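Data block below; observations after.
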Amino acid sequence: MPEGHTVHRLAGALTELFSGHRPTITSPQGRFSQGAAKLNGQIALSAEAWGKHFFMPFAPEPTEVTLGEDGPDWLHVHLGLYGSWSFDGDGEFIAVHTIGAPRRRIGEREQLSEGADERRVAEWEPPTPKDTVRVRFAQPHGIADLTGPNQCQVLSGSEVRAVLKRLGPDPLRNNPGDRERFISLVRKRKVPVGQLVMDQAVTAGPGNIYRADCLFRVGISPLRPGNRVSEHRLGLLWDDLVSAMSEGVRDGIILTNPPEYIPLDPIDEQDRRFAVYQRSGRACWRCGNTIAEMAMAGRRLFWCPGCQR
DNA sequence: ACGAAATGTCTAA
DNA sequence: TAGACCTTTCGTT
């Protein structure tokens with residue numbers, strides 16, 4: 001269950017664990033057998049993320065490539081609503097991609113790998129994949145399993161470029177000019193800004209949580225038409241997406257409730273994570289008004305009518 | 001056991 | 001706007 005920060009973390013993890021290797025690639029489920037056969041035995045190069053899209057190039061020999069270059073076979077994965085990768089391996093493998101505690105899953109709900117510390121290199125055997133595993137990457141020290149993706153396919157460079165063409169600026173790339181581009185894309189439209197922040201052609205990567213909480217953090221009502229939000233406030237919104245999502249990449253979890261609003265005794269752990277997301281009917285941490293909820297373009301939208309104008 | 005919801009996106013009507 | 005899709009998890013019978 002990924003927003004862009006999860007996909008960026010995954011690109012880092014899969015690069016560290018598999019780039020430079022010739023992983024064995026299979027499709028236990030059988031729905032990616034052709035693609036797996038095409039990639040199997042090639043060298044995995046550095047994976048990259050753009051928004052929620054994951055790209056990993058494969059070539060016969062090690063090389064440096066840029067995103068969308070002609071030549072390599074590009075594995076393209078979109079996790080959709082509930083795709084996920086899980087990892088298993090010996091202590092050496094788990095240690096490679098560990099920042100802090102060893103993790104079995106990259107993304108939300110990251111799990112500690114049981115016994116990874118004690119596990120001897122020689123003891124590890126690849127576990128039998130579940131029959132829903134679309135793709136398994138295997139190298140001698142560990143495996144990565146992909147289940148439930150919305151998209152998983154091998155693309156040419158020009159096909160990758162066609163995907164990228166439909167994506168707006170990614171706050172986690174934050175390339176020169178992206179801030180201005182985001183501002184102008186929003187201000188061109190009279191669609192509610194809450195809908196535009198979810199539109200991957202306007203900005204690629206934010207999902208329902210960052211949409212709700214970043215709009216709260218900068219005080220913009222999601223119902224306000226894009227062309228009625230000032231350039232200044234949209235600049236602040238971009239900056240907040242950049243910083244909130246960067247923290248998500250660093251921590252592997254979304255914690256968007258600003259520290260000054262976290263109550264000393266929250267109702268429960270879950271309740272302190274978000275500012276407004278999934279808090280409808282409860283009191284706003286900042287002003288005490290009741291958090292509102294409505295459906296917007298088929299997704300649940302949460303905001304504070306008191307703080308957001 | 002069963003149903004609904006989930007941090008997503010596409011297509012058809 | 002509704003439905004389809006890919007899977008897991010959590011709450012309710």
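Residue numbering restarts at 1 for every chain, and letters A, B, ... go by the order of the sequence lines. Computation of the quantities below employed the complete heavy-atom set of this structure, encompassing side-chain atoms and omitting hydrogens, waters and symmetry-equivalent molecules. No experiment lies behind these values; they were computed from the predicted model shown.
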(request) Using the P atom as the reference point in each nucleotide, state the distance between C:dG3 and B:dA5 in Å, no decimals. (result) 14 Å

(message) Can you classify the ring geometry of A:His21 versus A:Phe18 as parallel (below 30°), tilted (30 to 60°) or perpendicular (above 60°)?
(response) perpendicular

(request) Rounded off to whole Å, could you give me the OH-to-P distance for the A:Tyr210 and B:dG8 pair? (result) 11 Å

(message) How long is the straight-line distance from OG of A:Ser246 back to CG of A:Asp251, given to the nearest 0.5 Å?
(response) 10.5 Å

(request) Report yes if at least one side-chain N or O of A:Ser84 is closer than 4.0 Å to OP1 or OP2 of C:dT8; otherwise report no. (result) no

(message) A:Arg211: which residues meet the salt bridge (charged side-chain N to carboxylate O under 4.0 Å, His left out) condition with it, sequence neighbours left out?
(response) none

Short N/O separations, protein against nucleotides 9-13 of chain B, under 3.5 angstrom:
unit_1	atom_1	unit_2	atom_2	d
B:dT9	OP1	A:His78	NE2	3.3
B:dT9	OP2	A:Lys52	NZ	3.1
B:dC10	OP1	A:Arg166	NH2	3.0

(message) Given C:dT7, C:dT8, B:dG8, identify the nucleotide with an atom nearest to the side chain of A:Lys130.
(response) C:dT8

(request) Starting at atom CZ of A:Phe274, determine the distance to atom P of B:dT7, rounded to an integer number of angstrom. (result) 10 Å

(request) Could you state the atom-to-atom distance from CZ of A:Phe54 to P of B:dG8 in whole Å? (result) 18 Å

(request) Not counting sequence neighbours, which residues clear side-chain contact (heavy atoms from CB on, under 4.5 Å) with A:Leu164? List them please. (result) A:Trp50, A:Phe55, A:Leu67, A:Val160, A:Leu167

(request) Could you work out the separation of B:dC10 and C:dT8 based on their P atoms and round it to a whole Å? (result) 23 Å

(request) Report the distance from atom CG of A:Leu81 to atom C1' of C:dG3, rounded to the nearest whole Å. (result) 15 Å

(request) Measure the distance from CZ on A:Arg31 to P on C:dC5 and round it to the nearest whole Å. (result) 10 Å

(message) Between B:dA4 and C:dA4, how many Å separate the two P atoms, rounded to a whole number?
(response) 15 Å

(request) Write down the distance between CZ (A:Arg134) and P (C:dC5), rounded to a whole number of angstrom. (result) 13 Å

(message) Could you check whether any side-chain N or O of A:Ser33 sits under 3.5 Å from a backbone N or O of A:Gly30, counting only pairs where one atom can act as donor and the other as acceptor?
(response) yes

(request) Indicate the atoms forming the closest heavy-atom contact of A:Met245 with A:His5, along with that distance. (result) O-CB, 3.8 Å

(message) Which residue in the set A:His8, A:Arg173, A:His53 passes side-chain hydrogen bond (donor to acceptor under 3.5 Å, both in side chains) when paired with A:Glu48?
(response) A:Arg173

(request) Whole angstrom is fine here: how far is it from CD in A:Gln29 over to P in C:dT8? (result) 10 Å

(request) Figure out the CD/P separation between A:Gln278 and C:dG11, and round it to whole Å. (result) 12 Å

